[in-house]
2 protein chains.
Amino acid sequence: METVTENQKVKVAKKIKKMFGHIDVRNAEYCPIRDVMALASDKWSILIILYLGYYPVLRFNKLKKYVYGISGKVLSERLKMLEADGYISRTMYPEVPVRVEYGLTGFGHSYLLKLLDLTEWITAYSDTVIKNRKKFKKP
Amino acid sequence: METVTENQKVKVAKKIKKMFGHIDVRNAEYCPIRDVMALASDKWSILIILYLGYYPVLRFNKLKKYVYGISGKVLSERLKMLEADGYISRTMYPEVPVRVEYGLTGFGHSYLLKLLDLTEWITAYSDTVIKNRKKFKKP
DNA sequence: CGGCATCCGACACGATACTG
DNA sequence: CAGTATCGTGTCGGATGCCG
């Protein structure tokens with residue numbers, strides 16, 4: 001495993017400290033960051049955003065096919081939430097039958113960039129994690 | 001919002017295509033990546049890892065206090081899973097009463113780096129998201 | 001102190017059926 | 001085609017209590 005320098009640790013600690021003013025609401029108050037994070041890091045949301053990053057536009061049923069295993073209900077819920085939060089756009093063409101196209105907004109795309117770094121890391125190391133998991137279970 | 005160049009889009013598409021071989025398991029087979037991602041991007045896991053990134057070691061009850069709102073049950077579940085997956089280490093000192101210390105492994109720390117990029121983005125733009133959300137609800 | 005066991009409620013999710 | 005409505009269920013998570 002990559003060794004971590006003390007320098008890195010200090011940098012990281014600084015970054016975290018800066019964030020904690022926001023994410024560490026100790027009183028009973030409502031914490032918006034957690035909400036935003038919850039949707040953005042939801043497993044279905046991630047897959048939806050990734051697919052919309054790959055295909056410029058997708059229609060409902062296509063998306064449902066690609067995001068394998070998602071139910072229609074959950075997909076429509078997530079799409080509505082992601083649209084409300086500004087990540088994706090929804091365009092409806094009043095043809096018969098109707099055509100609805102989903103795509104990433106500029107905002108959504110800028111998020112996708114960050115998301116990709118994370119998912120790439122996870123993809124690269126998932127084998128390691130699976131191995132760790134098995135090693136942990138056995139002995 | 002930052003405009004997205006065509007060049008960027010192509011790059012992104014390539015990255016995603018590379019990943020999709022793994023995350024897009026269309027058949028009924030078990031998909032490990034989603035599992036790994038599910039734990040790693042869980043809202044509690046994220047907070048736990050962030051706090052362990054800030055404090056080198058933390059004991060159970062301290063952690064419970066910092067990760068505001070988590071129940072003892074869920075915290076111990078997550079800790080065990082995160083330990084099994086190799087992100088955190090658990091050291092028990094057989095004193096009376098026992099002392100147990102949690103910390104990040106090198107692997108966990110390297111994940112923290114990626115995670116930080118994401119949470120920083122979210123922290124920076126959460127206000128935007130909240131505004132979007134309100135704008136969407138109203139009219 | 002650090003947890004695990006148990007119980008129980010909420011709600012997130014899936015399946016199905018139906019509509020514009 | 002793109003959803004919504006309804007219903008049933010199962011899992012997650014919180015509270016409590018006990019033990020090493």
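Since the model is a prediction, treat every value here as computed from it, not as a measurement. Each chain gets a letter, A, B and so on, in the order its sequence line appears, and its residues count up from 1.
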Within the structure, does a side-chain N or O atom of B:Lys64 lie under 4.0 Å from either OP1 or OP2 of C:dG3?
-> no

Could you give the CE-to-C1' distance, from B:Met92 to C:dC1, as a whole number of Å?
-> 11 Å

Ring geometry between B:Phe107 and B:Tyr87 (parallel below 30°, tilted from 30 to 60°, perpendicular above 60°) = parallel

Closest to the B:Lys73 side chain: C:dG14, C:dG2, D:dG13?
-> D:dG13

For the side chain of B:Val98, starting at C-beta, report the closest nucleotide among C:dC1, D:dG14, D:dG3.
-> C:dC1

Side chain of A:Val100: nearest nucleotide among D:dC1, D:dG3, C:dG2?
-> D:dG3

Return the value, rounded to whole Å, for the distance between atom CD of B:Glu77 and atom P of C:dG3.
-> 13 Å

C:dG3, D:dG14, C:dC13: which one has an atom nearest the side-chain heavy atoms of B:Val74?
-> D:dG14

Give me the ring orientation class for B:Tyr51 and B:Tyr55: parallel if the planes are under 30° apart, tilted from 30 to 60°, perpendicular past 60°.
-> parallel

So do the side chains of A:Lys9 and B:Leu112 get within less than 4.5 Å of each other, counting heavy atoms only?
-> no

Per B:Tyr102 side chain, nearest of listed nucleotides C:dG3, C:dC1, D:dC1 | C:dG3

Calculate the interatomic distance between B:Leu63 atom CG and C:dG2 atom C1'; express it in whole Å.
-> 12 Å

To the nearest Å, give me how far apart NZ (A:Lys62) and C1' (D:dG3) are.
-> 19 Å

Is a side-chain N or O of B:Ser126 found less than 3.5 angstrom from the main chain of A:Ile33, in a donor-acceptor match?
-> no

Counting just side-chain N and O atoms, does A:Ser76 come under 4.0 Å of either OP1 or OP2 of D:dG3?
-> no

Ignoring backbone atoms, establish whether B:Arg59 has a side-chain N or O less than 4.0 Å from OP1 or OP2 of C:dC1.
-> no

Where the side chain of A:Lys80 is concerned, which of C:dC1, D:dT4, C:dG3 is the nearest nucleotide?
-> D:dT4

Nucleotide D:dC19, atom P - distance to CZ of B:Phe60 in whole Å = 19 Å

Would you mind reading off the distance between A:Ile70 atom CD1 and C:dA15 atom P, rounded to a whole angstrom?
-> 12 Å

To the nearest Å, give me how far apart NZ (A:Lys65) and C1' (D:dA2) are.
-> 16 Å

How about B:Glu120 and A:Lys114: do any of their side-chain heavy atoms sit closer than 4.5 Å?
-> no

Atom CG of B:Leu75 and atom C1' of C:dG3 are separated, to the nearest Å, by 10 Å

Of the listed C:dG14, D:dG14, D:dA2, the closest approach to the A:Ser71 side chain comes from C:dG14

Out of C:dC13, C:dC1, D:dC1, minimum distance to the side chain of A:Arg78 belongs to C:dC13

